[in-house]
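The sequence lines fix the lettering, A, B, ..., with proteins before strands; numbering per chain opens at 1.
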Amino acid sequence: MHDDPLLADLTEPQRQAVLHTEGPLLILAAAGSGKTRTLTRRIAHLVRTGVRPWQILALTFTNKAAAEMRARVESLLGEGGTRGMVLSTFHSLCARLLRRHAQAAGLAPEFSIYDTDDQTAVMKKVVESLGLSAANFPPRSMLSAISNEKNQLRDAAAFAAVANDFYSRTVAKVFTAYERALRAAQAVDFDDLLVLTAKTLRAKPEVLADCQARWRYILVDEYQDTNHAQFVISSLLAGGSALDASAPGIHPASDAPNICVVGDPDQSIYAWRGADISNILDFERLYPSARVITLGENFRSTAPILHAADTLIRRNVRRKHKDLFTKMPGGDPVEVVLCESERHEASLVLDWLRERRQDESPPVAWSRMAVLYRNNSLSRVIEDSLRAGGVPYVIARGTAFYDREEVRHALAYLRMLANPADDASLSRIVNVPPRGLGDATITTLETAASARGVPLLRHMSTPGAADALNPRARAAVAKFVSLVEGWTGGGTFWADGHAESAPGSLAELVGRVIRESGLEAMYAARAKGAETDEARLENLSELVSSARQFEEEFDPEGDPALAAPQDGRDGPAGGNLAAPPMLALLRAFLESVALVADADAADPSLGAVTLMTLHAAKGLEFHAVAIIGAEEGLLPSARARATDEAVEEERRLMFVGITRAMRRLLVTSARYRTVRGLTERQVPSRFLAEMGVRASERHDPFGGLDDESDFTPTAASRPAHAGAGRAEPRFRAGSKVRHPQFGVGTVLSATAGANARVQVDFRDVGVKTLVLEYARLEPLA
DNA sequence: GTTATCAAGTTTTTT
DNA sequence: ACTTGATAAC
């Protein structure tokens, strides 16, 4: 047995985790402890011992993690070895389950998934329709309040029941109206995917039985980042009969299902969106017989890196300490550098990465290096520097492509076709490009539609509906309706494939929508001079290619929502073929597009340095890692500084960043950073000292700060003048000035007051607007 | 109805 | 700095 290749080169705890196949198992896996290796071996081991692949359900945090796990299991089992196995994110699993069991869930099978933008649009209308002011009830905070409730599986009624003060009662009304608006549009938001799945599993025994019959081995990765809804879903699927909606609290389950969860409380970084570390504790309470295995030995990082991580994380009070240790000797010291400005920081990082390239021979691939930051806005300066320095880089922003205006427009057309009740998508594109269906017309139609209780598109295609409009608008409505019918084959949405005009492939449909809607012509017309519109056209054709690719790879058999085989043959049986094939294909495409995450885009096969947020870096590793912007207010973030709990989460985030590094780690902070156009004095992060590494200070050779006394903050550190407005304007239109970074220039205009700004045309870098107080501008004679 | 210009708010982090 | 929302001109 011990020469089983699946067990070779595993440590004792890893081996035990692999061999524990029956009954609940909790794996506490420290950073870099070979977690993925253990999990993939365990899955392969299950299959080797006779478990059918389709009986295995593995839930991960990102699509990328799921894909990677599948690839690694497949390399252990051989090609096709994972056939029927479901490896997906919670959200995609739930989306598929809800489609399959749409009726039981109380949804139409063509439901749309609304992203943050769509949610905001719906919420704005809701707030408005309730006669509330958007200032007192900002759509964004309404949404986040509601999201918190949903993560706890509390619905609008439950929230209303405990809402005592005026504010909460109002929020409860908003909550109710928001839910109604979503359902009217046949739409769900991200949270609903989880909420409605949990609800359906609880309320519909036949659905639960269906799932439990199929999946006999359940595995949940990144368990420390699951929220309550995800906890309930995984417990129910595993057979947690004790989990009852009417019974608050966790009660031990009588049986011992085959559920394996893996997590590390020190890497919990999603509490802000409802993740609950206590799910790990609750796991042991729910399954008292659970075996707990700790993976502590680190195989990833050198001793100095690990020591810094350990020294830092020990500062967290709410924490069960576990030792991080490595048997690897030596290693270069961790570098902490205090820079002058963000530009200085960026050029320093560029140099550092170039040095790291020479760490090995042949040179270290760029793809083995990463730059990590707390929030996305920090990427820009680094980008500029890497581009100027000729170092290839990619920004891990998976959603970026689908976030682009032109792509979102095209997708809105498609979503409207997939779900004719999707009013949010319809109103997004009904007048894009302008076709005479402006606000006034749409408002009239919307009012009539909601009076009749039908979706807007349905109303528009009803004969006579546009009669109340002026002839011009009436013609525009008719034209739009016939445009849509041309794509769907006449209002029936491909029901019987009888329409000759209907497209035959997904790529064809996408292409036709882009062309016939006028989107293409609109951007082509604007593309004359503007480079960005040229790029928009390319993105649109890229969307067609991605549809074609999706179509080629689409495997209806791979749908995790399929039931278990009835007759013991391999492969899931049955299928959800109720929808016409084209419509099913379109829905699946839109769903895959809706559920991509930033972390999904980190593709190490590209020969480029990866730039990403600390959150997106979870689960990855690199030869060299640079963490930038280690400053108070950034990391920890300004918001987090209010509570100790939040600071501890930021510390864990820093810990996650540090432990991504295998060999080399650089952490930088800048003394001055331009945030939202204002250059501000920054204080190095407390985490720097807490890492136990001595920081070195560097001066910026190109920063022009050789004569420091000239630039020490003046107005910034001095109280404002008592006699306001009397100060002599040192800068007015026409005066020559010098800026430490931008060089010399001429003032174009200046404003007075507390936040006095000057607009300066710099000789080298063009026109900039600066806030006088912070800009360290020097007048030239 | 459409387009241009200006003021205001905005930034954590993600499915 | 940058996008979004409101108002005014076309």
Side-chain angles (χ1 to χ4, degrees), chain A residues 59-66 88-95 113-117 119-121 124 134-135 138-140 144 147 150-151 188-195 222 225-227 229-230 268-275 372-381 396-399 402-403 405 431-443 469-470 472-473 476 526 591-601 612-618 629 633-641 646 649-650 652-654 656-657 674-679 757 767-771:
Chain A
L59 295 169
T60 59
F61 218 65
T62 61
N63 294 303
K64 183 171 167 277
S88 84
T89 64
F90 266 102
H91 290 265
S92 357
L93 174 76
C94 290
I113 300 170
Y114 275 11
D115 64 20
T116 321
D117 265 25
Q119 291 184 63
T120 314
K124 273 183 192 150
R140 276 186 66 107
S144 88
S147 176
K150 288 187 175 183
N151 286 332
V188 301
D189 62 23
F190 286 129
D191 298 321
D192 284 336
L193 291 172
L194 305 176
V195 170
E222 308 285 11
D225 285 328
T226 53
N227 61 29
Q230 291 165 324
S268 159
I269 53 175
Y270 285 100
W272 55 272
R273 72 169 206 216
L372 310 181
Y373 35 80
R374 179 68 227 293
N375 61 278
N376 281 305
S377 64
L378 292 183
S379 71
R380 174 162 250 124
V381 219
R397 290 228 65 198
T399 55
Y402 297 107
D403 270 348
E405 173 196 298
N431 203 30
V432 179
R435 48 168 74 91
L437 292 169
D439 285 349
T441 308
I442 293 304
T443 309
L469 303 168
N470 64 50
R472 251 172 88 150
R526 294 195 341 206
E591 186 174 296
S592 75
V593 162
L595 298 176
V596 292
D598 284 356
D600 294 336
M612 66 182 143
T613 65
L614 287 160
H615 280 90
K618 191 175 66 160
L634 234 42
L635 180 62
S637 81
R639 289 198 183 188
R641 287 189 291 184
E649 175 148 319
E650 298 285 306
R652 290 193 293 270
L653 193 53
M654 181 77 183
V656 166
T674 305
V675 186
R676 283 209 289 279
L678 300 186
T679 301
R757 289 164 196 251
V767 178
K768 302 253 177 211
T769 301
L770 306 162
V771 171

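- Rounded to whole angstrom, the span from the CG atom of A:L635 across to the C1' atom of B:dT11 amounts to 15 Å.
- Computed from coordinates, the A:H615 NE2 to B:dT14 P distance equals 7 Å when rounded to whole Å.
- OP1 or OP2 of B:dT11 has not a single side-chain nitrogen or oxygen of A:N376 nearer than 4.0 Å.
- In the set B:dT13, C:dC2, C:dG5, B:dT13 carries the atom at the smallest distance from any side-chain atom of A:T613.
- Within the nucleic acid shown, A:D115 has no heavy atom closer than 4.0 Å to any nucleic acid atom.
- B:dT13 and C:dT4 have their C1' atoms separated by 22 Å, with the value rounded to a whole Å.
- Within 4.0 Å of A:F90, counting heavy atoms only, lies no atom of the nucleic acid at all.
- Judged by distance alone, with hydrogens and angles left aside, the side-chain atoms of A:T443 form a donor-acceptor pair with the main-chain N or O of A:D439 at under 3.5 Å.
- Spacing between atom CZ of A:R652 and atom P of B:dT13 amounts to 18 Å, rounded to whole angstrom units.
- Rounded to an integer number of Å, the gap from CG of A:L614 to C1' of B:dT14 is 14 Å.
- In this structure, A:N151 contributes its side chain and A:R273 its backbone to a donor-acceptor pair below 3.5 Å.
- Atom CG of A:L678 and atom P of C:dC2 are 13 Å apart (whole Å).
- Distance A:N375 CG to B:dT10 P: 16 Å, rounded to the nearest Å.
- Ring geometry for A:Y270 versus A:F61: interplanar angle of 30 to 60°, hence tilted.
- At a threshold of 4.0 angstrom between heavy atoms, the contacts of A:K618 with the nucleic acid are absent.
- In this structure, A:E649 contributes its side chain and A:A271 its backbone to a donor-acceptor pair below 3.5 Å.
- Looking at A:R374 and A:E650, a side-chain N of the basic residue comes within less than 4.0 Å of a carboxylate O on the acidic one, giving a salt bridge.
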Base contacts versus sugar-phosphate-only contacts with protein, heavy atoms under 4.0 Å: please encode nucleotides 1-9 of chain B as B, S and - from 5' to 3'. SSS------
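- The distance between atom CD of A:E405 and atom C1' of C:dT4, rounded to the nearest whole Å, is 12 Å.
- Residue A:R140 is classed as a sugar-phosphate contact, given heavy-atom separations below 4.0 Å to backbone atoms only.
- Using a distance-only test at 3.5 Å, with no hydrogens or angles considered, a donor-acceptor pair links the side chain of A:D600 to the main chain of A:N63.
- Ranking C:dC2, B:dT11, C:dG5 by closeness to the A:S377 side chain, first place goes to B:dT11.
- If you measure from atom CG of A:D403 to atom P of B:dT11, you get 14 Å, rounded to the nearest angstrom.
- The ring of A:F190 does not lie on top of the base of B:dT14; it is either too far (5.5 Å or more) or too tilted (30° or more).
- The side-chain heavy atoms of A:V656 and A:L614, taken from C-beta on, include no pair separated by under 4.5 Å.
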